[in-house]
Amino acid sequence: MPSVLITGANRGLGFGLLKLYVNDGWRVYGCCRNPDNAVELKALAEASNGTLTLHRADVEDDASIEALKEKLGGQPIDLLLIVAGYYGKTIMTDPGGFQEFGQSDYDDWAKILEINVLGPMKMAEALVDNVAASEKKQLVTLSSAIGSIGGNGIGKMYAYRSSKAAVNAVMKSMSIDLKERGVTALPLHPGWVRTDMGGPQADLDSDTSVNGMKKVLDGLTPADAGRFLDYTGAELPW
Ligand SMILES: NC(=O)c1ccc[n+]([C@@H]2O[C@H](COP(=O)([O-])OP(=O)(O)OC[C@H]3O[C@@H](n4cnc5c(N)ncnc54)[C@H](OP(=O)(O)O)[C@@H]3O)[C@@H](O)[C@H]2O)c1
């Protein structure tokens with residue numbers, strides 16, 4: 001039975017992906033900041049005969065990552081799926097949510113970088129041995145087309161955009177540095193999706209995005225290391 005560890009598993013795309021892996025019979029480690037408050041996740045875990053377990057992981061809290069690493073011990077993780085992310089205090093479709101020039105909130109920008117860039121790096125550094133000990137050896141972070149420098153035709157979104165461009169660079173380096181350990185690392189764009197973050201005007205419903213991403217993830221091979229793919233499997237410009 002392959003295994004997946006998912007961060008941000010309590011809602012949005014993380015929860016959608018988690019349900020697909022549970023239904024597919026994987027061993028699932030569902031991680032979130034407050035497992036005790038994650039009502040739907042807890043109900044799923046209770047009904048799962050132990051195939052879904054819940055764990056605390058707040059990517060802004062190093063101690064929680066260290067505790068997770070200790071709790072996992074040498075358990076292999078076929079797919080480390082880093083979904084936890086943060087757009088900023090206001091979502092894109094809210095008034096003032098476009099993070100325009102002249103409106104920067106630097107404290108919030110630092111938090112965005114902490115969660116979206118340092119978070120994936122910390123999770124990867126903590127759990128790379130578990131990934132390398134597995135069969136599939138896959139390490140994927142949900143990035144965004146908004147992080148594509150080549151695809152930036154509208155400007156704005158300085159904080160979120162820079163965080164996703166940075167995590168793309170991080171994942172590209174990982175794809176090179178971890179190759180000799182057999183690890184396939186890459187960033188994956190889910191599409192613009194109607195979640196709390198994507199907002200109600202987004203293009204896609206969550207099911208379309210998570211089913212598409214699962215198909216792409218199921219089909220990954222080592223040759224995909226360091227590619228920037230979207231939920232349809234299409235390659236995006238850096
Ligand atoms: N939705 C889109 O249109 C879209 C487009 C492109 C990329 N993405 C990316 O896809 C990922 C998931 O997005 P989403 O739409 O599902 O977002 P969402 O609905 O806002 O959910 C965000 C998730 O991240 C978790 N999270 C936030 N800060 C965290 C922290 N410090 N430590 C651990 N978990 C934390 C949240 O947990 P809490 O419940 O505890 O806050 C929640 O589970 C993100 O990386 C996002 O940037 C989304």
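We count ligands from 1, going down the list as the structure has it; atoms in each ligand are counted the same way. For this chain, numbers begin at 1 and follow the sequence in order.
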Shortest protein contact, atom 32 (N) of ligand 1 (heavy atom only): V59 N, 2.9 Å
Side-chain heavy-atom pair L13, M197 within 4.5 angstrom cut-off: no
Y29 side chain near Q75 side chain, heavy-atom distance below 4.5 Å: yes
H189, any N or O under 3.5 Å of ligand 1 N or O: no
Ring geometry between Y158 and W109 (parallel below 30°, tilted from 30 to 60°, perpendicular above 60°): tilted
Top protein contact for atom 27 (C) of ligand 1, by heavy-atom distance: G85 O, 3.5 Å
Numbering as shown, the atoms of ligand 1 that approach T195 to under 4.0 Å (heavy-atom distance): 1 (N), 14 (P), 15 (O), 19 (O)
M157 side chain reached by F98 side chain, heavy atoms, under 4.5 Å: yes
Protein contact to atom 34 (N) of ligand 1 [nearest heavy atom, distance to 0.1 Å]: A84 CB, 3.3 Å
Protein contact to atom 18 (P) of ligand 1 [nearest heavy atom, distance to 0.1 Å]: R11 NH1, 3.7 Å
For G191, atoms of ligand 1 separated by under 4.0 Å from a heavy atom: 2 (C), 3 (O), 4 (C), 5 (C), 6 (C)
Residues S64 and D58: side-chain donor-acceptor under 3.5 angstrom: no
Numbered atoms and elements of ligand 1 in range of D196, under 4.0 angstrom, heavy atoms: 19 (O)
Part of P190 with heavy atoms under 4.0 Å of ligand 1, whether side chain, backbone, both or neither: side chain
Proximity winner for atom 33 (C) of ligand 1, if only heavy atoms of G8, A9, A57 are counted: A57
D129/R181 salt bridge by N-O under 4.0 Å criterion: yes
Derivation and outcome, side chain to side chain contact (heavy atoms under 4.5 Å, CB included), residues K19 and V210: CA-CA 10 Å; K19 285 187 283 187; V210 296; over 6 Å; no
Nearest protein heavy atom with distance in Å, relative to atom 43 (O) of ligand 1: N10 OD1, 2.6 Å
For atom 38 (P) of ligand 1, closest protein heavy-atom neighbour: R33 NH2, 3.5 Å
Short side-chain to backbone donor-acceptor contact, S163 and L113, under 3.5 Å: no
Path from V128 to V59 over hydrophobic side-chain contacts below 4.5 Å: yes
Pairwise side-chain contact, L217 with L188, heavy-atom cut-off 4.5 Å (strictly under): yes
Shortest non-hydrogen contact between S48 and L52, atoms and distance: OG-N, 3.1 Å
Within-shell test, E114 vs ligand 1, heavy atom, strictly < 4.0 Å: no
Mode of M197 contact toward ligand 1 - side chain, backbone, both, neither (heavy atoms, under 4.0 Å): both
Best match, Y160, F15, Y231: closest heavy atom to atom 47 (O) of ligand 1: Y160
Donor-acceptor pair between T53 and R27 side chains, under 3.5 angstrom: yes
Under-4.0 Å heavy-atom contact with ligand 1, by part of R194 that carries it: neither
Proximal ligand 1 atoms for K164, defined as those under 4.0 Å from one of its heavy atoms: 45 (O), 46 (C), 47 (O)
Y87, portion touching ligand 1 at heavy-atom distance under 4.0 Å: neither
N/O separation below 3.5 Å, I115 to ligand 1: no
Any G16 heavy atom less than 4.0 Å from ligand 1: no
Minimum heavy-atom distance K89-D108, with the two atoms named: N-OD2, 2.7 Å
Contact partition for D58 relative to ligand 1, non-hydrogen atoms under 4.0 Å: both
Min side-chain heavy-atom separation L54-L44 under 4.5 Å: no
Side chain, backbone, both or neither: the part of A145 lying under 4.0 Å from ligand 1 by heavy atom: neither
Numbered atoms of ligand 1 (with element) below 4.0 Å of S144, judged on heavy atoms: 6 (C), 7 (C)
For atom 3 (O) of ligand 1, the protein heavy atom that lies nearest, with its residue and separation: V193 N, 2.7 Å
Test salt bridge (Lys or Arg N to Asp or Glu O under 4.0 Å) applied to D218 and K214, step by step: CA-CA 6 Å; D218 285 345; K214 172 87 166 39; 3.0 Å; yes
Which of the ligand 1 atoms, numbered from 1, are nearer than 4.0 Å to a heavy atom of E60: 31 (N)
Region of W192 that comes within reach of ligand 1 [heavy atoms, distance under 4.0 Å]: both
Shortest protein contact, atom 11 (C) of ligand 1 (heavy atom only): V83 O, 3.0 Å
Per-atom contacts, ligand 1 versus G12 - under 4.0 Å to a heavy atom: 16 (O), 19 (O)
Main-chain N/O of P200 paired with R194 side-chain donor or acceptor, under 3.5 Å: no
